[in-house]
Each structure stands twice: as structure tokens, then as C-alpha cells.
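Here is the naming used below: chain letters follow the sequence lines, and residue numbers restart at 1 for every chain. Given the structure is predicted, the values throughout are model-derived calculations rather than measurements.
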Amino acid sequence: MEGRPEGKTGIHGWGAYVPRYRLPMSEIARVWGWAPEQASGLGMKEKAVAGPDEDSVTMGYEAARNALRRASIEASRVGAVFFGTESKPYAVKPSATIIAEALGITPATMASDLEFACRAASEGLRALIGMVASGLIEYGLVIGSDTAQANPGDVLEFTASSGAVAYVIGPREGAVAYFEGSYTYVTDTPDFWRRAHQPYPLHGEGFTGEPAYFHHIENAVKGLLAELGLKPSDFDYAVFHQPNGKFPLRIARRLGIPKEKVLPGLVTPVIGNTYNASALLGLARVLDVAKPGDRILVAPFGSGAGSDAYSIVVTDAIEERRSLAPLFDDYLSRRKEIDYATYAKFRGIFNVIK
Amino acid sequence: MEVYITGVGLTKVGRHFDLGLRELAARAALEALDSARVDKVDAVIVSSTLSYREAGQFDLAGHLAGALGLKGAQTFAVEAGDASGLAAVEAACSLIRAGSAGRVLVVGVDKLTDYVSSRVYRDLQRLYEAEVQALYDIGHAGVAGLLARLYMERFGVSRDTLSYWPAMDHSHAKHNPYAMLPFAIDPAAVPKALKVAEPLTLLDSFPLGDGAAALVLESEPHGDARAKVVLATSAAGYPSFTMNEDPLAPESVGEVAARLREVTGIAPVDVDVIELGDTFTSIGLILAESLGLSEPGRAAVDAMEGRFTLGGDGPVVNPSGGLKARGHPVGATGVYMVGELALQVSGEYPGLKVDGARRGLAVIASGDGSSAHLVLVEGVA
Amino acid sequence: MSMDLSVPETWRVKGALYRLEAARCKACGRIHYPPMPACPYCGSRDLERVTLPSEGVLESYTVVYAVPEGSRHKAPVLLGLVRLGRVRVVAEITDADPSELRTGMEVEAVLRRIRSDREAGIIRYGVMFRPKLKGGSRGG
């Protein structure tokens, strides 16, 4: 493992962000005439909604600020900013530069927006591992942030939510957790997409499950385990992409990982699917509680389709960094319930003349 | 050299949907020329604030002078936010005192009803520091709302007490034929009115109206001069009220009040009648107190006790109805004030008349006090 | 095709709007925001850029119902007079109901969309303040 590039790198800071507003599932069911059981079938209670002055950039900024505070490094030492989202405020014009500028990272840095449905940020994370390990950059910042869209009335609306997460990746020395290995598995599988110029994505319903989510995560995790010579029982926590509250538990069962190791990082039932933040926000929740020596399996997934699997080991440095920024649960407990009309206004679902 | 006010022209402030900027300005200007019994002037100074965004006429002074048949006159426009009208009078006085012009026509005009209110609010935001502070959606009333809460909490003044200020304005305006809102209001109605910027309501706020006012100023009294201008001056403050040591005591206002004392030996409280630029209740209170008309925290109470109305022991404040009830067609307001005061000291004022008034003072601080402007007039009888 | 917001203006003010960049006068020691070409207090041009603290206290607030065009979606607009160290700043308050605001409450800076120019124009980001997050000793 020592010889692998991943082993030279680690997480220096992590940062979560969840917006203040929550839409209960019952509101969506009430407005669109769903059977009352629809949401519970998805393992969902409520979802987080970005406010009227928020977007993926503002949420990503706050998560990144939290990550930088925990990393306790000068912003100017960050040599790359990758912003993974599928809800860019600008279709053309980087979001990454806005965040980099606001955090004081510019100008000597790489910065770009990545797109791979829900796994763009994870691709950025894996790229940063390589860039840090090679010595090309000293630190890198990866952000996953989405104000996820769903066609109003589509079943996807129950889960599509807003949130952000960020990580500062740097050398293994001084890291709060280091990487043991990483593995990526992608194919051309059209389970979910949004065509250019369209406001909402469409999806293949049941087709998003077996050939997409399950197939890719299972193979990414198996690939990782094979390369590292590890088995599922070697992990203290497992975090999977979480498009709803049920899929992560099912993939865990299939991989032989007990529910107890999944639940600490399963955030979708209470905040919804934050797309690019999803699994990585679950990881942030785990880092909020993990102890030195804990080994964490993380497997984000993105439609279209692909999955990455990472093995991460927590170090002694984590305790002192934890208190430098708000925890996931601090954001979770900041909760203001809204109705569907307010949600529709906040998310621009109403057609108004501007 | 003395400066005499020989002509005054006022239009009723209101929603002049049927009049363009030029036509509205011409009504006031021609009336002023007629009342001075002149038809030629050496200079035309126009004061307008919003019109550059609302009416879109550049070189407004040149265009207006030409439209009035005053070709050949020196001409330029003056803009000083809420205080443009007083700044135009100051500029006219400077021309006359310097001997550059013997007779100057000052025309103040603005139309606030040609566009929807939300657009006018956005334009009015530019009275405040516009490169950063007014990039936020502060609205036209936001800063006055902040100051109102600060005032109430600092001095322990209740919302109900604040209401006596606009009620005073309205009780005066009901006599003013040029007022936009010539009716009295019950102070108890103020807190219950539509909220504009909490704790301020619509009844704490100037109305959006159109208006034009004009003056003829001359170096010679030639017959029946109404008044003379004793002092017209102004002082810059800070780009934002946040920079004042005390946000409730804008330094620009303190500076013009001090200058009044230095130059004339009189304090604001010594004059007979005062027109104040009370765009909002909180701004009126701050102005009154910064000028020393009331102790800090007392202006609303003084208004409640009738100190600033006929028969009170202070100067009569805002016999026109103030910005609240006469109205505030922004660039025109200072010209209205000086015209009203000239008519007060000459005994011709058609509204609430302050009998025997000899000295009248007009004071406006633009926006949140970026600059303060003052004009003192005196009767010539 | 037209744009209401100036693109260069949006770009020019990002230091003040993104990072609360202020100016400190080396002659009199006073700090002002936003930065001016000379010290508003003493006129000195010997200024240096400083960054204001991101946490402060709400000295006053108002709930603006008479909102300017383009801001109806976030009406009423909450506006705060915030003291950051020795400097006061006027900015919008976000993530709060009017009824939770109190003078003296602790607030912290966040980055938000101040305005977006209709459907297709520039988006203007800048600092707003929100009630300090609970568990906020961790807020730093």
C-alpha cells in the first residue's frame, strides 16, 4: 500500500453545508397526489432546500470555507480547485473561480468545474490525489455542491435536494485521514440525464437501480478490495452514494457490510439526495464522529455511469481539527420547515416575468 | 453683494401623469418669471436628481432654458441628491455674489411617477453609497428603517411617539394648496399603516410624487423682492452614515449648523420658521436634533407637545407639510422650501402662515448625510 | 438583448463584496468600509487594505417591504447594521425570520447571491450576514 500514490496523500480539512430550509415529504405527496406511502418507500423523511439567495456556488463556498478552516493552511497554498456540480449557476463561466476568489485562493491555482452527474466531485477528489502525490500541487480543494433539480411531479422530486461538501487534500503528513487506495469503474449506461437547455433531468426509473447504481458501485468496491487485499469486515464505516434512503443499505447488504456501519454516514433520509455532495457529505458526517485508526469505505456514484471506491484511514490529527468548523449536525439542527409553495418560490419553479 | 428672491413659482406636488418633465418644469419657471415681472435672465440653473434616470434628458438645463425661450443664458444643472434644490440656490447665490450674473432662474424638477414604484425605489437607492452599500437591495427606505430602530432603542422612544412627527407634518399640510397630501392624520394610524421598512410605515415616508418649483434670484431688489438670501452653504460628510461616530448625529449636519452660527451669529432654534428635509420620520428627528432644535431623543416628544407648530415655543417646523405631506419631488424639494420660506417672510404664504416671520431656514441632508445643505432667508420689508 | 447590471462593476467590487476588504489609514489608524481613495476621517492617502472580521453584532435591523425591482423573490428584505470590530457595515441579513432578529445578536458573514440580472445576465455574489450558527464556537 505504501507504494501506491494514494498512500502519499490525505484529507486535511473537511467541510459540510446544509441549507436551513426543509420540505417534508408529505407536502410533495399532498400537492402532486402521490400515495402517502411513496416517500417512506424511498426511506425519506424530508429534504433540504436552498434559500432564495443560495445556489451551488454559495453553498460550495461555505463548505469550502469550513474545510479550509479545518485544514488550517493559508488559502494561497491551494493549487487546484475542482467544483463538481450538475446545477451550475452559469452554464458557461466557471463556478470554481468565484469560490477560489472569495476564499483568497486565486490567482496561482487551477480551477474548473467538473461534470459527471453526481460523481463529478469524486472524480475531482481522485484527480487531486494524483496531483498531490505527484508533487504537482501542495494542496487541492474539491467541492461537491448541488441545488438538485427534479421535474415537479416526478418521483425524483422527493429526493432531489440541496447541500454541499468540500475537502482539502494534501500530503499524508499532517492529514486527518489518509488514503490507502482508490478505484474507478465507469461504463456508458444512460440511467439518468439532463439534455442541454432543459431545466430538469429525466431518468430510466427502475433502470437507475440494478444496471447503474448497484452494478457500478459493486464493481468499484470489489476492484478496490482486490487491489488492497482488504475485505468488507476490515472497515469500520461504509458510505455509499445515497439517491434515497434504501439503496445504500441494499448495496451494503449485498457487499456483506452490516447496517450499523452504514447508518452514521447515511444522511439522505433527513436532507435528501444532494447529488454531488451525497456520499461525500456522508463521509463528512462520519469524520465528525470517527476515531483515530478507523478505516472508512467511501463509494460515490454518478449516473451515466460510474463509481469510485476509496479506502480512508483516520489519524490522530482529527480530534483537534473537528472543532474548527461547524459539524454536519450543527447544520442539520438549524431547521426551518417550509411548505410546497415556498419551496416552489425558492427554487424558481414559478414562471415570473423578470 | 445681496441676493434677493424676486420671483417664486410652485406647482402642486402630485401625480402629474399628463405632464412631461419639460412641461412641468415650465409651469413653475414661467410662474416664477411672471411673479418677478421679468422675462429674461442671465443664467438658468436646473436642479434635478432622478430625471437623468427617469426622464433621460441630458443637459436638462440647456434644453429647458431653450424651451422657455431663454436662449443665450448661462446654463447648467446641479445635482446633490435629496438636497439638489438647495445646492442650486447656493450655486445661484455664488454666481450673483461673484458678479457673474445679475438675475438667475433656478428650476427644480423631478417626476417619480413615470415608472413603477419598485423601479423608482431602486433608483432612489443611489442616494446611498452606490458602489458597494447600495448594490444590496436596501430599497429607498432601508437606511431610514435602520436609523429608526437605532433611535427608538437608544432613547427608549416608542413607536407611538415617533408617529407625532408625521402627524405634525400632515396637520400643517392641510392648509397648503401645493401639498401632495393636504390632510391631517391621526398619529394612531401611523404604526398601523402599510410597513415600508420596519419600524417605519407608509405614513412615515415621503410619497412618490412629481413636482417643480422655481425661483428668480437677483442682485437688485427691483420693486417687490420677497426676501434676501443671507446664507446658502453646504458641507460634505461621510460616504456612508456608518462612518459617523454616532449614526444618529451626522457630521455633515452638525457642520452646516456650526457654519450658520459662525457666519450669521444665529442658531437654527433662533429662526422663525424652518423647512426640514424629513424624507422619513427617523431622518426628520435626526435632523431636528442635529440642528439643536431638540435635545437628543426629544424631537418626537417636542412635536407631540406642539413645540414646532403655531403657538409653540420653538420655530415652526415644516409649515408646508414637510417632505412627508407636501411631498418630495427629489430635485425640486429644496427649491420648494426656499420659495415657501420667501413667501413666509414676505407674508404671502398661502398655507399655514407664520405671522411676523422674519427669518426662515431650509436644511436637507442628502440620503444618509453624505452632504448637508442649508439656506437662510430673511424678509426685506 | 440587454443587461441591467454592469459587468465591470461587479468585477471591480469583489474584494469588498466577497471578502469584506476595508481600508486602514496609516495616518490616523481608523478603518473604513468600503475602501475610499482617501481616508474619510483625516484625508490621508496612505491607506492599506485590511479584511474585516467575519463575525459581528447586529446594531440595528429593518424589514424592508418596499423592495426594489428584482428582489420580490426574497421579500421582505432583511437589512442589518452590523458592527464588525471597529467598523459598521450595512448588508442584507439572510437565513432568518424577521421575528428572530434582535439588536445585539451575533451574526456571521456568508456568501450569497445579492442579485442576478434577469434570466441571462451576470450574477452578483457578496457577503450577507446570518444569525451565528448554533455550535458556532466551531464557526471560528
Original post:
Taking only heavy atoms into account, what residues of residues 23-37 of chain C are found under 4.5 Å from chain B?
Top reply: C:R30, C:H32, C:Y33, C:P34, C:M36
Residue, of [options], that accumulates the most heavy atom pairs under 4.5 Å with chain C:
| options | result |
| --- | --- |
| B:V116, B:I138, B:L146, B:L124 | B:L146 |
| B:D137, B:D123, B:V132 | B:D137 |
| B:L135, B:L150, B:V120 | B:L135 |

Portion of [X] that has a non-hydrogen atom of chain B nearer than 4.5 angstrom:
| X | result |
| --- | --- |
| C:V67 | backbone |
| C:V127 | both |
| C:E92 | both |

Subject >> Note, C:M105 side chain near C:V107 side chain (heavy atom, < 4.5 Å) >> reply: yes
**OP:** Would you check if C:V90 and B:F241 make a side-chain contact, meaning some heavy-atom pair closer than 4.5 Å?
**Re:** yes
Original post:
Which one, C:V63, C:T10, C:V89, C:L81, leads in non-hydrogen pairs under 4.5 Å with chain B?
Top reply: C:V63
Original post:
Do you know which of C:T103, C:L79, C:I114, C:T62 has the most heavy-atom pairs with chain B at a distance under 4.5 angstrom?
Top reply: C:T62
Subject >> Toward chain C, the part of B:D368 with a non-hydrogen atom under 4.5 Å >> reply: neither
**OP:** Please look at B:Y238 and chain C and tell me whether the side chain, the backbone, both or neither of the residue comes under 4.5 angstrom of a heavy atom of that chain.
**Re:** side chain
Subject >> Face-on cation placement of B:R149 at C:Y61 ring, 6.0 Å and 45° thresholds >> reply: yes
Original post:
Honestly, is B:R154 close enough over B:Y151, meaning NZ or CZ under 6.0 Å from the six-membered ring centre and within 45° of the axis?
Top reply: no
Using a 3.5 Å distance criterion without hydrogens, assess whether the side chain of [X] forms a donor-acceptor pair with backbone atoms of [Y].
| X | Y | result |
| --- | --- | --- |
| B:E289 | B:A299 | yes |
| B:D210 | B:L112 | yes |
| C:R118 | C:M3 | no |
| B:Q125 | B:A134 | yes |

**OP:** Indicate, with yes or no, if the rings of B:H140 and B:Y128 have centres closer together than 6.0 Å.
**Re:** no
**OP:** Evaluate the criterion side chain to side chain contact (heavy atoms under 4.5 Å, CB included) for residue pair B:H328 and B:D82; output intermediate values, then yes/no.
**Re:** CA-CA 8 Å; B:H328 181 39; B:D82 287 310; 2.7 Å; yes
Original post:
Of all heavy-atom pairs between B:F206 and B:L323, which one has the smallest distance, and what is that distance?
Top reply: CB-O, 3.4 Å
Original post:
Of all heavy-atom pairs between B:V330 and B:G81, which one has the smallest distance, and what is that distance?
Top reply: CG1-O, 3.7 Å
Original post:
Among side-chain atoms of C:T94 and C:R130, is any donor-acceptor pair under 3.5 angstrom?
Top reply: no
Subject >> Residue-level interface, residues 245-252 of chain B with chain C, non-hydrogen cut-off under 4.5 Å >> reply: B:E245, B:P247
Original post:
Is it the case that more than 12 heavy atoms not belonging to B:F17 sit under 6.0 Å from its CZ atom?
Top reply: yes
